[in-house]
Amino acid sequence: MPNSNKTYISELKNNVGGEVTLSGWLYQARSSGKIQFLIVRDGTGLCQCVVEKGKIANELFEQLKHLGQESSLTITGTVRAEERSVGGYELAVTGAEIISPAVDYPITPKSHGIDFLLKNRHLHLRSQRQWCIGKIRHTVIDAIRRFFNDNGFTLIDTPIFTAAAGEEEQTLFEADYFGTPMYLTQTGQLHLEAAAMSFGKVYCFGPTFRAEKSKTRRHLTEFWMVEPEVAFIDLAGLLELAENFVSFIVTHVLQNNKGELETLGADIDTLEKTKPPFYRLTYTEAVDILTGRKTQDFLAEQLKELQSQKQQTESKIAELEKQQAGQLKQWQRDKIAAELIELRADLAETNTKIENNPKHAKLAAEFQWGKDLGGSDETIISQMHDKPVFVTHYPKKAKAFYMKTDRDNDKVVLNFDLLAPAGFGEIIGGSAREDDYDLLVKRIAEYGLDVENYLWYLDLRKYGSVPHGGFGLGVERTIAWLTGEKHIRQCIAFPRMMDKVYI
Ligand code: 4AD
Ligand code: MG
C-alpha cells in the first residue's frame, strides 16, 4: 500500500494531482476486460475509481473484479478532475485493500418494490436517494435551529408524557404510567405557552405522536415538529414569522444541497421563488375557489394531462417489453427491468390520479362552509399556486379548542394553515390562542374536555394574560415538499406508520 493521505470524497477537489486514500464501500462496478470502473461511496459522496490492468498487482485486479456490491475497502489513487464522472473527480487507482467483502447484497441496482425497501431500510439508507434526503433533512434541522436561535427565541424542551390532549383526543397514544393512563405528546404547544409567559419568544423541537387512523402519504404516527410560541403577537405577526421562517429554510437548503436536490429531481426553480410574501386566502375565499368554475376547469385540464401522460407511459412500457424479447446482454436486461418497474409504478400512480380526479372534483364542488379542508381540497388549492399559501380564519367548529375566536366574527378562529405549493399541502398549522379566561373555559366545556386537566393552562389566562400565538411545522412534510418526494415515509430514517413499523 502506498503511503498516502487519507481523505474524503468531498475533499477531492482540494487534492487534484495528488495521491489519496479513500475508505468506503463499493456502490457499483462495471468492468470491460482491462479496465474496471468502481463507484465507491464514503458517506460524503460518490467517486468513480478507475482500475487499469497492469497498474496494480494482477491478483488485486482479479479480486476487485469479483468484489460484491457494498464490500468495504480502502482505495488509493491519483485524483483527476473529470467532468463526466459522478462528483466531478475520479481516482486513477494505484492500490486497494479489501476490508470486508460482501456477497449477494440484497438491494441491487435493479429496482425493488417499496415494501421490500422498507423491510430493508437498514440497508436502503445507503442508497443515493436516501442519502440525499438525509443530507437535506440535516440542513433543514440546522436551519430551523439557526433561525430561532438567531432571532431571540429560547429553546424549551417540552415533555413527551402528557396527561391531556393538546390536539384531538381520538389521536392520543396511551401509555401505562405506573398504573395511571398517560399519553404520548401530540404537541408541545400547551407547555410552550407557559414558557412564553416567562421567556417571551420560545420554541420546542422534538418527536410528536399521533394515533391518526390515516394511511395517506402525509401521515406518520411519529414525526418531528418544531413549534415557536410568542407573547404579544397577533395573527398578522404570526404569518410574517412563518413566511420568513419557511423562506429561510428553503434558502439554506438551496445554498447547501443544490447537488442533492438535482439528484432527487426536485423543482429547484419553484423553490427559488419561495420568498415572502406568500399568498394569503381566508378559509371562506378558499371555499369560494373550491366550489367555483375555475377549479372545475383546472381539474378537467388536469385530467386531460393525466390521460396523455398515461398514454405516453403505456407506449414506453410496450416499447421496452418489445426490446426485452430481443437478444440482450445481462446488464441491458437489468437496466430495462429496472426502468419497467419504475414505469409501471408511475402508471399505477397516474391511474389512481385519473380515478380520483372526478371524485375530488365532486368533493370540491359540493364543499360546504364549516367543514375542515380535506386532503384533496388542500391538494387542489396548493396545486393552483406556485408559492406557499396561507389559509386563515377557519370555522371555529372545525378547529382545536385553544384557538382564539375572531372578535369581529365569532364563527371563525384566528388561525392559519400553510399549504406548500404543487399539491404538497399543509406543512404548518398555527393560531392565535384564546387569551380570555371565560371564553377558554367555555371552549373546553364545548369540546367535552375535562377542565381539571387544564387548570394550569387556564392559570396562564388568570395571571397576566396577553395576546399570544404560535405554530407547528412538520419536518417530514417540509422535506417531502423540498425534495419532491411523494411519500413522507421517505423523509425520516426509520418511519413509523399506522399499518406497519418495519424495523
Ligand atoms: O396542525 P397541527 O396538528 O398543529 C399543532 O399540533 C399545533 N399544536 C401546532 C402549534 O400551533 N404549536 O400539526 C402541525 C404540523 C402540520 O402542519 C403537519 O406539518 C405536521 O405537524 N403533522 C404531521 N406530520 C406527519 N404526520 C402526521 N400525522 C402529522 N400531523 C401533523
Ligand atoms: Mg393541522
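Every value quoted in this text rests on a predicted model; they were computed, and no experiment measured them. For the single chain, residues carry numbers from 1 onward in sequence order. Each ligand, and each atom within it, is numbered from 1 in the order the structure gives.
- Atoms of ligand 1 lying under 4.0 Å from any heavy atom of Gln189, numbered from 1 in the order shown and given with element: 7 (C), 8 (N), 10 (C), 11 (O), 12 (N).
- Atoms of ligand 1 lying under 4.0 Å from any heavy atom of Tyr402, numbered from 1 in the order shown and given with element: 7 (C), 8 (N).
- Of the protein's non-hydrogen atoms, Glu426 OE2, 2.6 Å is the one closest to atom 17 (O) of ligand 1.
- Checking only distances, Phe223 never comes within under 3.5 Å of ligand 1, N or O to N or O.
- For the pair Lys371 and Phe367, the distance from NZ or CZ to the six-membered ring centre is under 6.0 Å and the angle to the ring normal is within 45 degrees.
- Residue-ligand proximity, Ile488 to ligand 1, at heavy-atom distances under 4.0 Å covers atoms 25 (C).
- For ligand 1, the atoms sitting less than 4.0 Å from at least one non-hydrogen atom of Arg433 are 10 (C), 11 (O), 12 (N), numbered in the order shown with element in parentheses.
- Within the listing of ligand 1, atoms 25 (C), 26 (N) sit less than 4.0 angstrom from a heavy atom of Arg218.
- Taking atom 19 (O) of ligand 1 as the reference point, the nearest protein heavy-atom neighbour is Ile427 O, 2.9 Å.
- Aromatic ring pairs are classed by plane angle as parallel below 30°, tilted from 30° to 60° and perpendicular above 60°; the pair Phe148 and Phe245 is tilted.
- Residues His112 and His124 form no side-chain contact, since every pair of their non-hydrogen atoms from C-beta on lies 4.5 Å or further apart.
- No option in His468, Arg461, Lys404 other than Lys404 meets the side chain to side chain donor-acceptor pair (under 3.5 Å) test with Asp435.
- Under a 4.0 Å heavy-atom criterion, Met225 is in contact with ligand 1.
- For the pair Gly166 and ligand 1, no heavy-atom separation below 4.0 Å is found.
- The protein non-hydrogen atom at the shortest distance from atom 18 (C) of ligand 1 is Arg477 NH1, 3.6 Å.
- The Ile428 neighbourhood of ligand 1 comprises atoms 17 (O), with distances under 4.0 Å to a heavy atom of that residue.
- Test Trp456, Tyr457, Phe161 against His191 for ring pair (Phe, Tyr, Trp, His ring centres under 6.0 Å) and you get one pass: Trp456.
- A cation-pi arrangement is absent between Lys119 and Tyr502 under the rule of less than 6.0 angstrom and at most 45 degrees off the ring axis.
- Among the atoms of Glu229, none of the N or O lies under 3.5 angstrom from an N or O of ligand 1.
- Taking atom 3 (O) of ligand 1 as the reference point, the nearest protein heavy-atom neighbour is Arg210 NH1, 2.9 Å.
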task: Evaluate salt bridge (Lys or Arg N to Asp or Glu O under 4.0 Å) for Asp142 paired with Arg146, printing each intermediate quantity in order.
output: CA-CA 6 Å; Asp142 182 47; Arg146 250 173 228 253; 3.1 Å; yes
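- Between His385 and Tyr279, the gap from one ring centroid to the other is short of 6.0 Å.
- Those atoms of ligand 1 that come under 4.0 Å of a heavy atom in Glu227, given as number and element, are 8 (N), 9 (C), 10 (C), 12 (N).
- Residue contacts with ligand 1 for Glu212 involve side-chain atoms from C-beta outward but no N, CA, C or O (heavy atoms, distance under 4.0 Å).
- Ring geometry for Trp369 against Tyr283 counts as perpendicular: the plane angle is over 60°, on a 0 to 90° scale with 30° as the lower cut.
- The pair Lys316-Glu342 fails the salt-bridge criterion, with no side-chain N (NZ, NE, NH1 or NH2) lying under 4.0 Å from an Asp/Glu carboxylate O.
- Within the listing of ligand 1, atoms 15 (C), 19 (O), 20 (C), 21 (O) sit less than 4.0 angstrom from a heavy atom of Gly474.
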- request: Please test Glu227 against Thr187 for side-chain hydrogen bond (donor to acceptor under 3.5 Å, both in side chains), starting from the C-alpha separation and ending with a verdict.
  value: CA-CA 8 Å; Glu227 299 178 83; Thr187 169; 2.6 Å; yes
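- Among all non-hydrogen protein atoms, the one lying nearest atom 15 (C) of ligand 1 is Gly472 O, 3.6 Å.
- Within the 2.8 Å limit, Glu426 places at least one N, O or S atom next to the Mg ion (ligand 2).
- Regarding atom 26 (N) of ligand 1, its nearest protein heavy-atom neighbour is Leu220 N, 3.0 Å.
- Heavy atoms only, all atoms of each residue included: Lys500 and Asp115 are closest at NZ-OD1, 3.9 Å.
- Contact annotation: for Glu167 versus ligand 1, heavy atoms closer than 4.0 Å belong to the side chain alone.
- Under the 4.5 Å side-chain criterion, counting only non-hydrogen atoms from C-beta, Glu167 is not in contact with Leu190.
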